[in-house]
K.L.:
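Got a structure here, written out as structure tokens. Questions coming.
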Amino acid sequence: SKKKGLSFEEKRVRMMEIFFETKDVFQLKDIEKIAPKEKGITSMSVKEILQSLVDDGMVDTDRIGTSNYFWAFPSKALHARKRKLEELESQFTESSQKKEALQKSIEKAKIGREDTAERAALIEELAALRQKKEQLKAEIEKYRECDPDVIEEMRQTNKVAKEAVNRWTDNIFSIKSWAKRKFGFEESRIDKSFGIPEDFDYID
């Protein structure tokens with residue numbers, strides 16, 4: 001059967017072994033020679049694996065002259081793991097405190113909400129009052145048109161509409177008068193041509 005290749009994470013672990021076991025400083029070309037031979041990491045993937053370790057702060061790098069050098073010492077890795085552990089412990093403690101505070105809030109909120117006969121009766125009464133409120137609102141809406149404010153608003157609206165209609169009536173009479181003078185048309189002919197009713201007049 002075909003041999004299964006190394007996963008990305010396995011390659012990272014094996015490359016870190018190169019640094020930890022030798023405690024040496026390398027150039028990329030050195031690692032590209034060592035990694036395939038000693039750790040089974042293909043030379044083509046060395047650069048990508050190494051860069052991922054640098055990005056994660058697990059491998060240090062520096063440029064000296066025209067060359068880049070890479071190194072990683074066990075002591076630094078130990079300190080990094082220790083810091084990470086402390087950070088996780090701090091997060092765990094904070095999460096535990098939040099959980100405890102939330103639990104207390106829940107217990108406090110439950111006070112007075114126990115499933116008793118009295119509470120059930122109050123909930124039922126509240127539902128009935130809400131229903132009654134909706135009925136009263138519907139009843140009020142029915143008599144809204146009797147509201148003095150609504151009536152006054154309707155009066156004002158009617159007044160504005162009446163003034164607008166009479167302005168247009170004025171305009172129509174002016175146009176009819178002009179047409180009679182200009183073309184000698186009879187008023188009945190103008191009314192018939194433009195669909196103006198015989199009883200057309202101002203609104204009182």
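Just so it is clear, the values below take in all heavy atoms, side chains as well, and ignore hydrogens, waters and symmetry mates. Computed from a prediction, not measured in an experiment: that's the story for all the values here. Sequential numbering from 1 along the given sequence is applied to the chain's residues.
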K.L.:
Give me the atom names and distance for the closest heavy-atom approach of Met16 to Val59.
P.N.:
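The answer is SD-CG2, 3.7 Å.
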
K.L.:
If I compare all heavy atoms of Glu48 with all of Phe8, which pair ends up nearest, and what's the gap?
P.N.:
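Smallest interatomic distance, heavy atoms only, reads OE2-CE1, 3.7 Å.
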
K.L.:
Out of curiosity, does Ile64 fall in the hydrophobic cluster containing Phe73 (side-chain heavy atoms, cut-off under 4.5 Å, transitive links)?
P.N.:
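Linked, Phe73 and Ile64 end up in one cluster.
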
K.L.:
For Gln91, look at atom CD and say whether over 12 heavy atoms of other residues, nucleotides or ligands are found less than 6.0 Å away.
P.N.:
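More than 12 within 6.0 Å, yes.
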
K.L.:
Any chance you could measure Gln51, atom CD, to Asp56, atom CG, to the nearest 0.5 Å?
P.N.:
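Going from CD on Gln51 over to CG on Asp56, the span is 10.0 Å.
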
K.L.:
Do the side chains of Phe20 and Leu53 join up, straight or via other hydrophobic residues, at under 4.5 Å, putting them in one cluster?
P.N.:
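Hydrophobic grouping puts Phe20 with Leu53.
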
K.L.:
Measure the spacing between CD1 of Ile175 and CD1 of Ile172 and express it to the nearest 0.5 Å.
P.N.:
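Atom-to-atom, Ile175:CD1 and Ile172:CD1 are 7.0 Å apart.
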
K.L.:
List the steps, then state whether side chain to side chain contact (heavy atoms under 4.5 Å, CB included) holds for Lys133 with Leu136.
P.N.:
CA-CA 5 Å; Lys133 179 186 173 185; Leu136 289 171; 5.8 Å; no

K.L.:
Distance from Leu122 atom CG to Leu129 atom CG, nearest 0.5 Å?
P.N.:
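One finds 10.5 Å between CG of Leu122 and CG of Leu129.
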
K.L.:
Does the side chain of Gln156 come within less than 4.5 Å of Val160's, by heavy atoms?
P.N.:
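In short, these two side chains do not touch, never coming nearer than 4.5 Å.
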
K.L.:
List the atom pairs, with distances to 0.1 Å, where a side-chain N or O of residues 24-37 and a protein N or O form a donor-acceptor pair under 3.5 Å, not counting sequence neighbours.
P.N.:
{"from": "Gln27", "atom 1": "NE2", "to": "Ser67", "atom 2": "OG", "distance (Å)": "2.9"}
{"from": "Asp30", "atom 1": "OD2", "to": "Gln27", "atom 2": "N", "distance (Å)": "3.0"}

K.L.:
Can you tell me how far apart CD (Glu89) and OG1 (Thr93) are? Round to the nearest 0.5 Å.
P.N.:
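That separation rounds to 7.0 Å.
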
K.L.:
Show the numbers, then the answer: is there a side chain to side chain contact (heavy atoms under 4.5 Å, CB included) between Trp71 and Asp60?
P.N.:
CA-CA 5 Å; Trp71 68 93; Asp60 291 312; 3.4 Å; yes

K.L.:
Does Gln135 CD have over 12 foreign heavy atoms under 6.0 Å away?
P.N.:
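Above 12, so yes.
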
K.L.:
Does the distance from a Lys or Arg side-chain N to an Asp or Glu carboxylate O, for Glu134 and Arg130, drop under 4.0 Å?
P.N.:
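No.
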
K.L.:
With a sphere of 6.0 Å drawn around CD of Glu163, does it hold more than 12 non-hydrogen atoms of other residues, nucleotides or ligands?
P.N.:
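Counting other residues, nucleotides and ligands, CD of Glu163 exceeds 12 neighbours.
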
K.L.:
Checking Lys104 against Glu100 for the side chain to side chain contact (heavy atoms under 4.5 Å, CB included) test, could you report, in this order, the C-alpha distance in whole Å, the side-chain angles of both residues, the deciding distance, and whether it holds?
P.N.:
CA-CA 6 Å; Lys104 285 180 180 176; Glu100 190 178 339; 3.8 Å; yes

K.L.:
Which heavy-atom pair separates Ser52 from Arg12 by the least distance, and what is that distance?
P.N.:
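So the minimum-distance heavy-atom pair works out to OG-NH1, 2.9 Å.
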
K.L.:
Which heavy atom of Lys39 sits nearest to which heavy atom of Arg14, and what is that distance?
P.N.:
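Shortest heavy-atom contact: O-NH1, 2.9 Å.
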
K.L.:
Could you state the interatomic distance from OG1 (Thr61) to CG (Asp55), rounded to the nearest 0.5 Å?
P.N.:
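Atom-to-atom, Thr61:OG1 and Asp55:CG are 10.5 Å apart.
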
K.L.:
Which value, rounded to the nearest 0.5 Å, describes the distance between Glu9 atom CD and Ile49 atom CD1?
P.N.:
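Those atoms lie 8.5 Å apart.
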
K.L.:
List the steps and the verdict of side chain to side chain contact (heavy atoms under 4.5 Å, CB included) for Leu50 and Met15.
P.N.:
CA-CA 8 Å; Leu50 185 58; Met15 189 169 287; 3.9 Å; yes

